[in-house]
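Notes for the one structure printed next.
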Amino acid sequence: MKNLMDMAIKFLSWLLREIKKYKIASSVVIAFALVFLIVSILIGMPPIGYIVLTTFIAGPTLLYVYKNKDKSTTNTRLLLVFFAATVGTLIVIQAIPYGKNHTNPPINGEPAWSSPRTRELMVRACFGCHSNEVEYPSYASVAPISWMVQSHVDEGRSKVNYQEWNSGERGEDTIEVIQDGSMPPSFYTTFGRHPEAKLTQAEIAELIAGLKATPGFSEGD
Ligand code: HEC
């Protein structure tokens, strides 16, 4: 444990020295990392996305700096290595199967919707993650976006699936999450994506009334 701490401190002080040595390259890399971090948070990237990308890109870059620790290199060369590692990573991760399978499981029952309008609003705002009729946009085939989409759909379905109603699914929290605005998640509609899922106040009121009249959505149903 103490050894590990020593190693971490040694590594960090080495890293700081190198950052000071290559100020321009470090600034570009840090700016890049920040933009990536902010965009990823806004679109709901799962933690595994950060871990894989950081490891794959930082690994070769740091190795290059370490190998040149005595000779010292240039900012330009360092940036070239960083961008090569980034492009290489983006190509290599396309081979990871997670997130590639876009076949929907068979539908196994839906609630007895109080009206076609209630169903329509649910489809627009919720079926992108809580159904077996998920429509995958073309960008959902490109890693790491594909990992993000897959994790949202997997997690969403595991919480509630409005098309597995015959397997005992119930929607107790549905009205609550629509009312408090936590669903659909804000990341679903950032950057102009899924505008149809952004319900107006009037539509939300209509949907809640429709759900209250649908069995399975109120306490005690
Ligand atoms: C982008 C995909 C996505 C969309 C669209 C979406 N959800 Fe979710 N939903 C999730 C994820 C992921 C979770 C689990 C994480 C969480 O609770 O935030 C979840 C959780 C839930 C839960 C469980 C909440 C809890 O506290 O356990 C309910 C109920 C729910 N969603 C209903 C809805 C409804 C209703 C809509 C439409 C108005 C909707 N969701 C739209 C992804 C989505």
Side-chain angles (χ1 to χ4, degrees), residues 36-52 98-105 107-221:
F36 166 69
L37 186 70
I38 292 167
V39 171
S40 300
I41 290 172
L42 287 177
I43 62 176
M45 180 72 72
I48 189 76
Y50 301 100
I51 296 170
V52 171
Y98 178 76
K100 293 262 185 255
N101 183 359
H102 291 170
T103 50
N104 277 294
I107 295 168
N108 183 19
E110 279 191 34
W113 305 108
S114 57
S115 72
R117 177 68 174 161
T118 305
R119 182 178 193 274
E120 183 203 315
L121 291 170
M122 284 297 287
V123 170
R124 268 172 54 193
C126 318
F127 273 38
C129 301
H130 297 283
S131 80
N132 289 343
E133 274 179 337
V134 171
E135 285 177 24
Y136 293 90
S138 53
Y139 56 76
S141 296
V142 184
I145 308 284
S146 51
W147 307 342
M148 179 199 84
V149 173
Q150 184 76 43
S151 70
H152 295 164
V153 172
D154 287 349
E155 221 189 311
R157 277 182 185 151
S158 77
K159 290 280 179 185
V160 53
N161 188 332
Y162 300 107
Q163 289 188 316
E164 302 242 349
W165 225 243
N166 294 346
S167 345
E169 291 274 343
R170 283 300 168 263
E172 292 96 5
D173 299 328
T174 300
I175 291 175
E176 192 184 319
V177 296
I178 296 171
Q179 236 154 11
D180 69 19
S182 60
M183 288 287 148
S186 56
F187 57 66
Y188 190 57
T189 49
T190 43
F191 301 119
R193 293 174 309 144
H194 312 291
E196 75 286 350
K198 262 198 166 161
L199 303 183
T200 63
Q201 283 309 317
E203 285 170 335
I204 289 173
E206 206 182 340
L207 176 55
I208 287 172
L211 288 175
K212 282 185 174 157
T214 304
F217 288 93
S218 306
E219 303 260 339
D221 266 357

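Just so you know, ligand 1 is whichever comes first in the structure, and atom 1 is the first atom listed for that ligand.
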### Side-chain (Thr189) to main-chain (Lys198) donor-acceptor, under 3.5 angstrom
no
### Query
In the protein, which heavy atom is nearest to atom 15 (C) of ligand 1, and how far is it?
Glu155 OE2, 3.3 Å
### Message
Check the orientation of His130 and Tyr162. Use parallel for under 30°, tilted for 30 to 60°, and perpendicular for over 60°.
### Response
perpendicular
### Task
Would you please determine whether Phe217 falls within less than 4.0 Å of ligand 1 on a heavy-atom basis?
no
### Task
Using a strict 4.0 Å cut-off to heavy atoms of Ala125, name the atoms of ligand 1 that fall inside it.
5 (C), 37 (C), 38 (C), 41 (C)
### Message
With a 3.5 Å distance limit and no angle check, can you tell me whether Arg157 reaches the backbone of Ser131 through a side-chain donor-acceptor pair?
### Response
yes
### Query
Evaluating non-hydrogen atoms only, which member of Asp173, Val123, Ile175 is closest to atom 25 (C) of ligand 1?
Asp173
### Task
Sort by chain and number the protein N/O/S atoms that are closer than 2.8 Å to atom 8 (Fe) of ligand 1, and list them.
His130 NE2, Met183 SD
### Query
Relative to ligand 1, is Val153 under 4.0 angstrom through side chain, backbone, both or neither, heavy atoms considered?
neither
### Message
Within the 4.0 Å heavy-atom shell around Ile178, which atoms of ligand 1 are there?
### Response
35 (C), 38 (C)
### Donor-acceptor under 3.5 Å (Thr214 side chain, Ser114 main chain)
yes
#### Entry: Smallest separation among heavy atoms of Glu169 and Asn161, with atom names
OE1-N, 3.1 Å
#### Entry: Side-chain donor/acceptor of Asn104 to backbone N/O of Val134, under 3.5 Å
yes
#### Entry: Tyr136: partners by ring-ring contact (aromatic ring centres under 6.0 Å, His included), with sequence neighbours left out
His102
### Query
To the nearest 0.5 Å, how far apart are CD1 in Ile175 and CD1 in Ile204?
13.0 Å
### Query
When rounded to the nearest 0.5 angstrom, what distance separates CE in Met45 from CG in Leu37?
10.5 Å
